[in-house]
Protein chains: 2
Amino acid sequence: MKNQTTKKPTKEKIFDVSLDLFSKKGFDAVSVREIAREVGIRESSIYNHYKNKEAILDAIIDFFMSELASGSLPEEEMEKLLETPELFFEVGARAFIKRMSAPKNEKIWRIISIELYHNDKIRDFYQTVLLEEPLKAWEEIFKKMIEKKMIKPVDPKILAYEYFYFAVYLIFEYFILKYEEDENFMNVAWKRLSNHAEFILDAVKID
Amino acid sequence: MKNQTTKKPTKEKIFDVSLDLFSKKGFDAVSVREIAREVGIRESSIYNHYKNKEAILDAIIDFFMSELASGSLPEEEMEKLLETPELFFEVGARAFIKRMSAPKNEKIWRIISIELYHNDKIRDFYQTVLLEEPLKAWEEIFKKMIEKKMIKPVDPKILAYEYFYFAVYLIFEYFILKYEEDENFMNVAWKRLSNHAEFILDAVKID
DNA sequence: GTCTATACTTCGATAGAC
DNA sequence: GTCTATCGAAGTATAGAC
């Protein structure tokens, strides 16, 4: 595992080591010395690759943003939704899992969750891309489902909240409350998302 | 407002100033010097009142814990619930507001939310007292409501989840995402809790 | 691109006079 | 109980030799 003596460029090693340490201890609690030690170089050498410590975090965030920018629901998936409401759990859960499962992403989710409270760039990204945009997308989907009389005529905005906020809660629970404690989060999350979707579906389906 | 020249004991001043600064910037970002400056004494004098910086945080947490220890649902409230399900929003929301509204509590909620990820004592408290115990209480309530055929026979545990986790999400949203941004959170929270409770109620009520 | 060496800053905490 | 004075540790970052 500690096979970092490979020919991986130093800049990439710094990125990966920082990603690992930041996700475990938080940005402030990690020193440049510690990163350097783990990479196997002196701390001054870090500055040959990144302007300063903050720049490493920025690089990590930028990587994550570009990864997730392409993460919105594809059109075909949305079309499937409008055939039968029973599918919406599958589609929602797939979107959820997709956002989490990339190997580096899980660590970045943890960093995001930790730094949320004092990093403006991260907080803005979270609010708009991770909350508002998906929420608006789900609202549109439910609006169409109501128009097609597939579900009861509830307020689509409220329904979007009711459906979507649970995923936000799960992320909070996992990355803040249970990190490094819960081994197979994905299985548990899947089961709970499934229960949740079923509950919502029962609430709005037309008998 | 800056009327701290009153005869308030120094130890209390240190407590209040720390509470204020920790809630704004997080524990690590506040220095003992800063606290001392704000109180109006030298930093060495701090140590006449608290063993070290950590001890100030401990005092704050202990204060909060004892405040909330008496915060569980009183019996009369629970009895009211079992008369008519329409009341359960009122009861739940009252319990929620009660936990938040004490003047010092709001700042402590912020500190709790920030330090959750690297303070074991805080995390354990959050998990047991703030999550598991209320969840279990709601599960019992719903179980009784089902026995009395007041609501549909859904899984009471899942229903408790569905009902209660919205409050947890609201706290996360307010204290992490919107702190110092949203002025009248209580009004918005009340409205959204109301929407949520209505949604849940519609989902499980017997037609 | 990495090294040694070092400058500079800030931090938590203590000793001892008053 | 507050002050002055100070310590040691740890942090970020830079200069210059190799």
Side-chain angles (χ1 to χ4, degrees), chain A residues 2-62 111 114-115 117-122, chain B residues 2-62 111 114-115 117-122:
Chain A
K2 278 266 179 182
N3 214 351
Q4 276 166 0
T5 336
T6 53
K7 271 173 258 127
K8 204 196 318 185
T10 303
K11 184 159 190 171
E12 207 175 317
K13 284 191 202 169
I14 296 171
F15 184 99
D16 291 341
V17 165
S18 300
L19 176 60
D20 196 57
L21 292 175
F22 290 165
S23 72
K24 278 180 186 147
K25 311 164 68 171
F27 179 78
D28 293 328
V30 176
S31 68
V32 177
R33 288 194 210 316
E34 196 178 357
I35 298 170
R37 193 193 325 128
E38 201 76 10
V39 170
I41 55 176
R42 296 288 170 173
E43 60 261 34
S44 57
S45 301
I46 298 272
Y47 296 91
N48 263 314
H49 302 277
Y50 292 95
K51 184 174 166 280
N52 53 31
K53 190 183 158 191
E54 189 79 31
I56 306 178
L57 179 60
D58 285 343
I60 291 174
I61 305 303
D62 286 343
I111 295 175
I114 293 176
E115 305 302 329
Y117 80 94
H118 62 180
N119 184 312
D120 293 344
K121 192 180 172 190
I122 292 180
Chain B
K2 278 267 177 179
N3 215 352
Q4 276 166 359
T5 337
T6 54
K7 274 173 255 127
K8 203 196 316 184
T10 303
K11 184 159 189 171
E12 207 176 317
K13 284 190 202 169
I14 296 171
F15 184 98
D16 291 342
V17 165
S18 301
L19 176 59
D20 196 57
L21 292 175
F22 291 164
S23 72
K24 277 179 187 149
K25 310 163 71 172
F27 179 78
D28 293 326
V30 177
S31 67
V32 177
R33 282 169 174 58
E34 194 178 358
I35 297 171
R37 193 193 325 129
E38 201 76 8
V39 171
I41 56 176
R42 295 289 170 172
E43 59 260 37
S44 57
S45 301
I46 298 272
Y47 296 90
N48 264 313
H49 303 276
Y50 292 96
K51 184 174 166 277
N52 52 31
K53 189 183 161 192
E54 190 78 30
I56 306 177
L57 180 60
D58 284 343
I60 291 174
I61 304 302
D62 287 342
I111 296 175
I114 292 176
E115 305 301 329
Y117 80 94
H118 63 177
N119 184 312
D120 293 344
K121 193 180 171 190
I122 292 180

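Reckoned from all heavy atoms, side chains included, excluding hydrogens, waters and symmetry mates. Predicted model only: the values in this text are computed from it and were never measured. All chains are named by letter (A, B, ...) in the order of the sequence lines, taking the proteins before the strands, and each is independently numbered beginning at 1.
When rounded to the nearest whole Å, the span between CD1 of B:Ile46 and P of C:dC11 equals 13 Å. At whole-Å resolution of the value, CZ in A:Arg42 and P in C:dC3 are 6 Å apart. Atom CD1 of B:Ile14 is separated from atom P of C:dA13 by 13 Å (rounded to the nearest Å). Taking atom CD on B:Glu34 and atom P on C:dT10, their separation rounds to 12 Å, with Å as the unit. One atom, NE2 of B:His49, and another, P of C:dA13, lie 16 Å apart when rounded to the nearest Å. For B:Ile35 and C:dA13, the CD1 to P distance is 10 Å, given to the nearest whole Å. Rounded to a whole Å, the CG atom of B:Leu21 is 16 Å from the C1' atom of C:dG12. Separating the CD1 atom of B:Ile41 from the P atom of D:dT4 is a distance of 12 Å, rounded to the nearest angstrom.
Taking a cutoff of 4.0 Å between a charged side-chain nitrogen and a carboxylate oxygen, A:Lys53 and A:Asp28 do not qualify as a salt bridge. Under 4.0 Å is where a charged nitrogen must lie from a carboxylate oxygen, and between B:Lys25 and B:Glu34 at least one such pair does.
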(message) Within the 4.0 Å limit for protein heavy atoms, which parts of nucleotides 12-18 of chain D are touched? Write it as a string from 5' to 3', B for base, S for sugar-phosphate only, - for none.
(response) BBBB---
(request) List the steps and the verdict of side chain to side chain contact (heavy atoms under 4.5 Å, CB included) for B:Lys121 and B:Asp58. (result) CA-CA 9 Å; B:Lys121 193 180 171 190; B:Asp58 284 343; 4.0 Å; yes
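An OP1 or OP2 oxygen of D:dC3 is reached within less than 4.0 angstrom by a side-chain nitrogen or oxygen of B:Ser45.
With values rounded to the nearest 0.5 angstrom, A:Asp20 atom CG is found 12.0 Å from A:Phe15 atom CZ. Once rounded to the nearest 0.5 Å, the distance linking NZ of A:Lys51 with CD1 of A:Ile46 reads 15.0 Å. A distance of 3.5 Å separates OG of B:Ser18 from CD1 of B:Ile35, quoted to the nearest 0.5 Å.
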